[in-house]
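Here is the structure we will look at, set down as structure tokens.
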Amino acid sequence: MNMFDKIFRKKRDASEPQNGNEKYIYSSQSQLTRDEAQHYWEKMAQKLIVGAINSVDYTAERIFILISFDEKDPTIDIFFQMNGQLRMWNDLDNEAHKKVISNSIVNQAPNMVKQINCIYNSVDMTRLAYAQVQYEFESKAWYLHDITEGSIEAQLEKEPAFLKWFDDVSKSIDTLSLDGKHRITWGPFKPEC
């Protein structure tokens, strides 16, 4: 069973026994390792993908997410490929989709950023400045790109860099099939060599 089959499967009854490997809980009293902290962040990124897929009723072909870990202005920005076209989440036609995205994903940025920063601090890892997530519905492939505070890309201004990424992706999507299992450009957050 692959990772997304596990995420999308039917919720089990509370009386069913739980596999210890499926349980992953962070507590301020437990001491995580660096690998566990990274794994926790990856699980949270997967939940973002699931939330984004659900928020548009599985109508997106691809999903692109940028998270800014700036404690003063934490944000989650999302754009979708739908019917071959890229659309910012707040430009979607369906008002119900926009409301779900705003309430269930975008507004959760401060809590998520605070939690990940706390976990990274607890294991003395360099904090994230940005993170990018890509998901392709047909192949179920997903990609995560972390930009740490120590990297040169961390100095990018979020809004212009996000818009540049959107433009770069719009130039790339026509050349890649929807079931190709290939990540698309990270834009200015990771210049291609």
Side-chain angles (χ1 to χ4, degrees), residues 1-12 16 18-27 30 32-69 74-82 86 88-89 92 97 100-123 125-148 162 165 169 176 178-187 189-190:
M1 182 181 297
N2 73 31
M3 159 182 68
F4 282 94
D5 290 334
K6 289 178 184 177
I7 292 171
F8 290 119
R9 76 174 182 264
K10 182 180 142 194
K11 292 182 181 178
R12 73 175 155 263
E16 290 182 50
Q18 186 173 356
N19 179 340
N21 293 334
E22 293 177 357
K23 195 167 87 177
Y24 197 88
I25 299 172
Y26 171 73
S27 159
S30 65
L32 296 176
T33 66
R34 286 176 169 227
D35 286 343
E36 289 170 331
Q38 182 63 32
H39 181 71
Y40 186 86
W41 160 233
E42 290 168 3
K43 289 287 229 185
M44 191 167 283
Q46 290 172 359
K47 288 180 181 183
L48 275 175
I49 293 168
V50 171
I53 292 166
N54 291 338
S55 71
V56 294
D57 299 323
Y58 302 89
T59 58
E61 297 160 351
R62 292 185 173 114
I63 301 169
F64 302 88
I65 303 171
L66 174 69
I67 302 105
S68 170
F69 285 84
T75 57
I76 298 174
D77 294 288
I78 306 170
F79 60 97
F80 299 90
Q81 179 180 341
M82 297 175 151
L86 290 185
M88 296 286 189
W89 76 268
L92 297 175
H97 290 171
V100 170
I101 293 167
S102 176
N103 294 338
S104 300
I105 301 173
V106 174
N107 288 344
Q108 298 306 312
N111 294 334
M112 185 188 72
V113 166
K114 184 177 181 180
Q115 188 174 14
I116 295 303
N117 283 343
C118 179
I119 290 170
Y120 273 44
N121 287 345
S122 75
V123 295
M125 284 177 69
T126 303
R127 282 185 178 185
L128 300 174
Y130 298 108
Q132 294 171 282
V133 183
Q134 296 181 22
Y135 175 74
E136 184 179 273
F137 188 79
E138 185 71 27
S139 66
K140 309 263 187 286
W142 77 286
Y143 306 93
L144 176 63
H145 176 231
D146 293 336
I147 299 103
T148 62
F162 177 68
W165 184 34
V169 169
L176 295 172
L178 288 174
D179 60 355
K181 293 187 180 183
H182 296 285
R183 70 155 184 83
I184 298 178
T185 180
W186 297 115
F189 295 98
K190 185 174 182 181

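Residues: numbered from 1 along the sequence shown.
Atoms CE and NE2, on Met82 and His97 in that order, are 6.5 Å from each other to the nearest 0.5 Å. The OG1 atom of Thr59 lies 10.5 Å from the CD1 atom of Ile53; values are rounded to the nearest 0.5 Å. Rounding to the nearest 0.5 Å places CE of Met125 at 9.5 Å from OG1 of Thr148. Here the straight-line distance linking atom CD1 of Ile147 with atom CH2 of Trp186 works out to 8.0 Å at 0.5 Å rounding. Atom CZ in Arg127 sits 12.0 Å away from atom CD1 in Ile119 (nearest 0.5 Å). The CG atom of Asp35 sits 9.5 Å away from the CD atom of Glu42 when rounded to the nearest 0.5 Å.
Remark: aromatic rings of Phe69 and Trp41 are close, center separation under 6.0 Å.
The shortest heavy-atom contact between Ser68 and Val113 is O-CG2, 3.5 Å. For Ile65 against Ala52, the heavy-atom pair with the smallest separation is CD1-CB, 4.5 Å. Among all heavy-atom pairs drawn from Ile76 and Ile105, the shortest one is CD1-O, 3.4 Å. Scanning all heavy atoms of the two residues, the minimum distance from Ala45 to Leu144 falls at CB-CD1, 4.1 Å.
By the side chain to side chain donor-acceptor pair (under 3.5 Å) test, Glu138 pairs with no residue at all, sequence neighbours left out. With sequence neighbours excluded, the residues satisfying side-chain contact (heavy atoms from CB on, under 4.5 Å) with Val100 are Ser55, Ser104. Take Thr126 and apply the side chain to side chain donor-acceptor pair (under 3.5 Å) test, not counting sequence neighbours, and it matches no residue. Every residue two or more places apart in sequence or in another chain that forms a ring pair (Phe, Tyr, Trp, His ring centres under 6.0 Å) with Phe79 is listed here: Phe64, Phe162, Trp165, Phe166. Asn103 is linked by a side chain to side chain donor-acceptor pair (under 3.5 Å) to nothing, counting only residues two or more places apart in sequence or in another chain. Taking Gln132 as the reference, His145 meet the side chain to side chain donor-acceptor pair (under 3.5 Å) condition, with sequence neighbours excluded.
Within the 3.5 Å criterion, the main-chain N or O of Ser102 finds a donor-acceptor partner in the side chain of Asn107.
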Side chain to side chain contact (heavy atoms under 4.5 Å, CB included) between Leu48 and Ile63, worked out: CA-CA 10 Å; Leu48 275 175; Ile63 301 169; over 6 Å; no

Verdict with supporting geometry, Lys140 and Tyr135, side chain to side chain contact (heavy atoms under 4.5 Å, CB included): CA-CA 7 Å; Lys140 309 263 187 286; Tyr135 175 74; 3.3 Å; yes

Derivation and outcome, side chain to side chain contact (heavy atoms under 4.5 Å, CB included), residues Phe189 and Leu66: CA-CA 10 Å; Phe189 295 98; Leu66 174 69; 3.8 Å; yes

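Counting only heavy atoms from C-beta outward, the side chains of Gln38 and Tyr120 approach each other to under 4.5 Å. No side-chain heavy atom of Val169 sits less than 4.5 Å from a side-chain heavy atom of Gln134. Phe80 has its side chain within reach of Ile101: a pair of non-hydrogen atoms, C-beta onward, lies under 4.5 Å apart. Using a 4.5 Å heavy-atom cutoff, the side chains of Ile67 and Leu128 are not in contact.
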